[in-house]
Structures are given as structure tokens and as C-alpha cells.
S.K.: 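The structure follows.
Counting begins at 1 with the first residue of the sequence.
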Amino acid sequence: MAEEIKVIGVTVENVNYDEFKATLDRYYDKFARLIKTYKAKDDTIAKLSDEVTKYRGGFALSIVKPLCVSLISLREDCRKTLANIEKYCKDVESVVRYSDYLLSDVDEFMSTYGLIYGEDGFILNGKKLSDCVSRKAASVCDEEQNCESIESNSENVDEGEQSEACGKESYSFNTLLSEIDYGRERMEQLLTDCAKADENLDRYVKLAASIEENYTDAMLLPLYREIANFYEKLKDNVEDVKQRINEGNLVQSYSSSVSLVIDETWKLLIMAGVTVEHDISDSYDMRTNKIVKIVNCDDEKLDRTVAVRHTDCYLFDGKILYPSKVDVYKYVPKKVEE
């Protein structure tokens, strides 16, 4: 039996230091795991915060904006062409060539978003457009059970064991080991609870991504199908132009193709939720207008008014998506001759 020396109520005895060291190593290893667990949880929470920020910042706009900007660019190019239509209609060959260019531009626009026209019809990202359906949003499975498990598991370690050990008036080394083992068990339970909480957080991250995919499909697939219809209309129009064109209807023939693109892109933008402002005040508004050129004038009443409006103004949910490009008058007083 080990010789016992009483010092301030603490029993000193022969100790298995290898066992003691192994116990402490396990104890601090749990601390290291706990730190890693909290770091992983912080990363997961950051992902969720990014998702929330995205929704607050205009989730619908983030989905359709790239497509709408491309449609606007295509529409405005055609409006510019229509305003100067005569220079593209020198002869039959010119009209046929520019008509093919126009169809090619729409083809290139579609391919940017994975929509390809071929022998088998329209293919979207490698799959027939007619077979494309919205991806289903996932669900958070066993959410309530997981939460209940976390709450109940945190109470699994018997508090009586700790109170029994702490209640002793004198302490031996074995008592200290028991205390460490008890702390280790509590630490393991905390780690388990944190891991399950992280699993739930991770589920919400995946759910947010799944919902985004579902809404993306729900918003974009109808637009892609309408774009496919638009392309077929233009293709038929160009073929008709090639058959009917002659020296007497050059402008009319090419105008019909260009106008079709302008009208169809306008319909697509409205379908996507974009508002097209055609008639805006002549006063320069820095919120809705973007200056292309300053035009000097000597009429003070014209100062800061629009001289030429090159494009329409496009808005989404009241926010400027594409400002109207304008030339603006600047009043410059006449020099008084001496």
C-alpha cells in the first residue's frame, strides 16, 4: 500500500505517469478537435450569410441579369441599324449577307447561354430543351429529430457522477483521473452535439443551393423556350427574305428582319421582368441617363437637356439595369466681340 502524506487534504500516492500522460493527451486532443469543429461551423455559417446577402441583394435580378443585358445589347444594336437602314441595303447581295449576319448574331447570343440549334432541334447544355424540367428543391430531412437529438444528448452524461466525485473531502490521484475522464466524456458529448449542429447547418447550405437551382430553372427555362421560338421566327423570316427580295424591296425586306428582333427581344425582356422606358423627359437625369457626348449650345434654356437619345432606359424592379445613352446640351455663352 502506498505511503500517504496528508497535505492540505490532498492524498499523494505512487502514480502511473504513462497512464496520466495518455489521459491528458486524449483530453487535449479533444480540445483541438473542438477548435476545428468551431472553425468548420464558422465556414458553414459564412456560406449561409452569403446566401442571405444574395437574396437581400436581389436574387431574381442576379438570375436574369446576364441574359437581359445580352438581350438589351442585341435590341439596341438592331435599333441603331434600323435608324440607318439604308446603308445596309445597297443591293440584293448586301441584304442577304446582313440578314445572315443577323441570324448568326442571335445564334451566337443563344450559344453564350448553352442554347444550341441543330438537326435535333434545340439543345440546352447538352440536353434537349423539350426534355428540360425544373430541378426539384431538396428538403431538410429529419430536422426536428436532429434538433431533439442535440438537446437530449447534451444531458446524457450523468451529472451525479461529477457531483459524487466533487463531494469527497479528500482527493487521490485516481480521483483526479476520474475527474479528467468525466471532463473528457463531457467534451466528447459537446463535440458530438457540435457535429450534429454542423450537419444541420450544412443541410441548410445545400437546401439554399437547391432552392436557387429550382428558382433559376423556373425563371430561365420559360425564357429559353421563348428564345427558341424567337430564333425559329427569325430563321423563317430570313428564308422568306431570300426568296422574295428584289431591287424594289431592299429596305422593306431587311427592315422586317431587324424589326422582328427588336420586337421579340422587347417581349423577352418584359417576360423577364424588365421595364423598358421609351419616352423619358428631355431633362438630363443622371440616375436614368448616361452621357455619350456633350453638345455645346448658346441657348441657356437647353442647358442640361437631352440633345439625342441613343437608347432606351431599362429597369428591373425599379432599379436601373441599363441607363439610356444620351447626348446632352451644355450652355456656352457667346463671346462678346469687342
S.K.: Is Glu264 salt-bridged to Lys267, going by a charged N under 4.0 Å from an acidic O?
M.R.: yes
S.K.: Within this structure, what is the CG-SG distance for the pair Asn84 and Cys89, rounded to the nearest 0.5 Å?
M.R.: 11.0 Å
S.K.: Can you say whether the rings of Phe122 and Tyr231 are parallel (under 30°), tilted (30 to 60°) or perpendicular (over 60°)?
M.R.: perpendicular
S.K.: Could you check whether any side-chain heavy atom of Val95 comes within less than 4.5 Å of a side-chain heavy atom of Val241, counting everything from C-beta outward?
M.R.: yes
S.K.: Closest approach of Val295 and Ala307, non-hydrogen atoms and distance?
M.R.: CG2-CB, 4.2 Å
S.K.: Less than 4.0 angstrom from a charged side-chain N to a carboxylate O is my criterion; do Asp327 and Arg309 meet it?
M.R.: no
S.K.: Parallel, tilted or perpendicular, judged at 30° and 60°: which one describes the rings of Tyr254 and Tyr98?
M.R.: tilted
S.K.: Does the side chain of Ser104 pick up a donor-acceptor pair with the side chain of Asp107 at under 3.5 Å?
M.R.: no
S.K.: Which distance, rounded to the nearest 0.5 Å, do you find between the CG of Asp105 and the OG of Ser73?
M.R.: 9.5 Å
S.K.: Under the side chain to side chain contact (heavy atoms under 4.5 Å, CB included) criterion, do Val106 and Phe230 qualify, and how do the steps go?
M.R.: CA-CA 9 Å; Val106 177; Phe230 155 44; 3.8 Å; yes
S.K.: Tell me if the centroids of the rings in Tyr113 and Tyr224 come within less than 6.0 Å of each other.
M.R.: no
S.K.: Does one side chain, of Thr305 or Asp282, offer a donor that lies under 3.5 Å from an acceptor on the other?
M.R.: no
S.K.: According to the side chain to side chain donor-acceptor pair (under 3.5 Å) rule, which pairs have a member within residues 239-250, sequence neighbours left out?
M.R.: Asp100-Lys242, Asp240-Arg244, Asn249-Ser253
S.K.: Is Tyr329 linked to Met286 within one hydrophobic cluster, defined over Ile, Leu, Val, Met, Phe, Trp and Tyr using a side-chain heavy-atom separation of less than 4.5 Å?
M.R.: no
S.K.: Looking only at heavy atoms, which two atoms of Glu277 and Leu315 are closest? And how far apart?
M.R.: CG-CD1, 3.2 Å
S.K.: Checking Tyr314 against Arg75: is there a side-chain donor and acceptor pair closer than 3.5 Å?
M.R.: yes
